[in-house]
Amino acid sequence: DQARAARRKIAVFDAEAYGDPASNLSLMSGMLRAIEDGHVELFYQPKFDLRRRGVHAVEGLVRWRHPVRGMLRPDLFIPMAEETGHIRALTDWCLRQAIVDQKLMAEAGHEIEVAINVSGRLLGDPEFADLVEVLAPQACGKLIFEITETAVIENPDLALTILDRFKAAGVDISIDDFGSGLSSLAYLKQIRGHELKIDRSLVVDLTQSQRDALIVRSTIDLAHSLGLKVTAEGIEEPDAFQLLAAMGCDQIQGYLIGKPQTLTDLMDFLRDDRGELKRFG
Ligand code: C2E
Ligand code: MG
Ligand code: MG
Ligand code: MG
């Protein structure tokens with residue numbers, strides 16, 4: 001009986017080594033291969049421009065179509081990719097893909113600003129900046145790096161130098177998740193960016209809470225006085241949309257406008273839904 005239990009345990013263990021999300025090391029060992037095999041994909045979520053009343057910008061959000069585990073969201077593998085250094089290969093790939101996709105959109109008649117998410121980790125990697133200087137000038141439109149701060153930046157001086165190199169290569173800088181844990185005022189003080197994205201946690205109770213509304217309005221005013229464009233993320237309700245428009249917010253992103261989707265779906269969206277989006281304006 002004991003032997004059978006042990007055998008069963010081994011069998012379960014083997015299955016989990018292949019299929020269990022907790023087994024992150026096995027996930028990471030497959031990441032480079034997944035990139036090569038085309039199992040990693042960029043989905044795109046539209047950003048609605050409140051003044052121009054249309055979608056002229058999108059954000060690329062990475063997805064991993066894992067053959068066993070199904071579609072993996074970035075929260076499951078980005079932190080691990082940062083720890084193992086795989087984030088570099090992943091971001092290189094995202095940058096190349098974004099440039100290719102932006103060209104495809106342009107060829108279909110859509111001039112679209114394309115953002116990718118760039119981990120704070122890469123602000124310590126001068127070789128990534130070398131690549132950006134080669135690739136960014138090849139883009140046919142505006143590229144944006146949303147700086148996602150998932151780890152404390154270890155060398156602020158180096159980070160600022162690298163950010164300057166991105167900007168000199170023509171890339172706009174967006175401060176992502178502003179108002180969430182790590183992305184704070186200290187951050188805003190140091191980074192001279194082009195855009196500030198208000199985190200979903202700040203806008204989720206916007207229409208319910210007078211206090212939250214005051215915080216969001218003050219954040220928009222602060223960003224504007226620093227010369228930053230403001231994008232509110234995670235908007236699901238029409239009331240929040242209207243309120244943010246009244247507060248002078250520049251762009252709205254969220255399920256209300258559109259979910260992250262494949263390039264093909266995004267192109268259909270850009271073609272078909274432009275007119276319908278006008279109802280928001
Ligand atoms: P983020 O850049 O702040 O992206 C917004 C996240 O909120 C996305 O989740 C998006 O699907 C989700 N979202 C958008 N609109 C709504 C909404 O109306 N309601 C709700 N409930 N959620 C909404 P996703 O795609 O799972 O990405 C999670 C995070 O992973 C991103 O947060 C970003 O920090 C990171 N990430 C994604 N792709 C990359 C990448 O290529 N590199 C790096 N370093 N990080 C990435
Ligand atoms: Mg982002
Ligand atoms: Mg964000
Ligand atoms: Mg966020």
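What you are looking at is a predicted structure, and each value in this text was computed from that prediction instead of being measured. We use all heavy atoms of the structure for the numbers below, so side chains are in, but hydrogens, waters and symmetry mates are not. One-based numbering, in listed order, for ligands and for the atoms of each.
- Counting the atoms of ligand 1 from 1 in the order shown, those under 4.0 Å from a heavy atom of Asp75 are 28 (C), 29 (C), 30 (O).
- Residue contact check: Asp177 has heavy atoms under 4.0 Å from atoms 3 (O) of ligand 1.
- The minimum heavy-atom distance linking Gly60 with Asn117 is given by the pair O-ND2, 3.2 Å.
- The shortest non-hydrogen separation linking Ile144 to Ser174 is CG2-CB, 3.7 Å.
- Not a single heavy atom of Lys259 sits closer than 4.0 Å to an atom of ligand 1.
- Between Phe77 and Trp64, the ring planes are perpendicular. Angles over 60° get that label, and only those under 30° would be called parallel.
- Glu195 and Gln251 share a side-chain donor-acceptor pair at under 3.5 Å.
- Residue Gly254 has no nitrogen or oxygen atom sitting less than 3.5 Å from a nitrogen or oxygen atom of ligand 1, judged on distance alone.
- Using a 4.0 Å cut-off between charged side-chain N and carboxylate O, Lys47 and Glu146 make a salt bridge.
- Glu41 CD: more than 12 foreign heavy atoms inside a 6.0 Å radius.
- Listed by number with element, the atoms of ligand 1 under 4.0 angstrom from any heavy atom of Ser119 are 44 (N).
- Counting heavy atoms closer than 4.0 Å to ligand 1, residue Arg200 contributes side-chain atoms (C-beta onward) but none from N, CA, C or O.
- Using a 4.0 Å heavy-atom cutoff, Asp176 is listed among the residues neighbouring ligand 1.
- Within the hydrophobic cluster formed by Ile, Leu, Val, Met, Phe, Trp and Tyr side chains joined at under 4.5 Å, directly or through other members, Phe43 is accompanied by Met71.
- Between Thr91 and ligand 1, no N or O atom pair is found at a separation short of 3.5 Å.
- Arg96 and Asp92 are not joined by a salt bridge, as no carboxylate oxygen comes within less than 4.0 angstrom of a charged side-chain nitrogen.
- In summary, the atoms of ligand 1 found under 4.0 Å from a heavy atom of Glu233, numbered by their order in the structure, are 3 (O).
- Counting non-hydrogen atoms of other residues, nucleotides and ligands closer than 6.0 Å to NZ of Lys167 gives a total above 12.
- Within the listing of ligand 1, atoms 17 (C), 18 (O), 19 (N), 20 (C), 21 (N) sit less than 4.0 angstrom from a heavy atom of Glu236.
- Under the rule for a side-chain hydrogen bond (donor to acceptor under 3.5 Å, both in side chains), the partners of Asp212 that lie at least two apart in sequence or sit in another chain are Ser209.
- Residue contact annotation: Arg63 has a non-hydrogen atom under 4.0 Å from ligand 1.
- Residue Ile78 touches ligand 1 through its side chain alone, judged by heavy-atom distances below 4.0 Å.
- Contact annotation for Thr148 and ligand 1: only side-chain heavy atoms (C-beta onward) come within less than 4.0 Å of the ligand.
- Within a 6.0 Å sphere centred on CZ of Arg51, heavy atoms belonging to other residues, nucleotides or ligands number more than 12.
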Test side-chain contact (heavy atoms from CB on, under 4.5 Å) applied to Leu131 and Glu127, step by step: CA-CA 6 Å; Leu131 184 73; Glu127 283 175 22; over 6 Å; no
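- Numbered from 1 in the order shown, with element, the atoms of ligand 1 that lie under 4.0 Å from a heavy atom of Pro260 read 11 (O).
- Using a 4.5 Å heavy-atom threshold, the side chains of Lys197 and Gln253 count as touching.
- By the 4.0 Å N-to-carboxylate-O rule, Asp130 lies close enough to Arg165 to be salt-bridged with it.
- Each of the atoms 14 (C), 15 (N) of ligand 1 lies under 4.0 Å from some heavy atom of Gln45.
- Ligand 1 has no atom lying under 4.0 Å from any heavy atom of Lys197.
- For the ring-ring contact (aromatic ring centres under 6.0 Å, His included) test, no residue two or more places apart in sequence or in another chain qualifies with Tyr44.
- Within the protein, the N, O or S atoms sitting under 2.8 Å from the Mg ion (ligand 2) are Glu59 OE2, Asn117 OD1, Glu146 OE1, Asp176 OD2.
- By the 4.0 Å heavy-atom criterion, Ile87 is counted among the residues contacting ligand 1.
- Of all the atoms in ligand 1, the ones that sit under 4.0 Å from a non-hydrogen atom of Cys94 are 41 (O).
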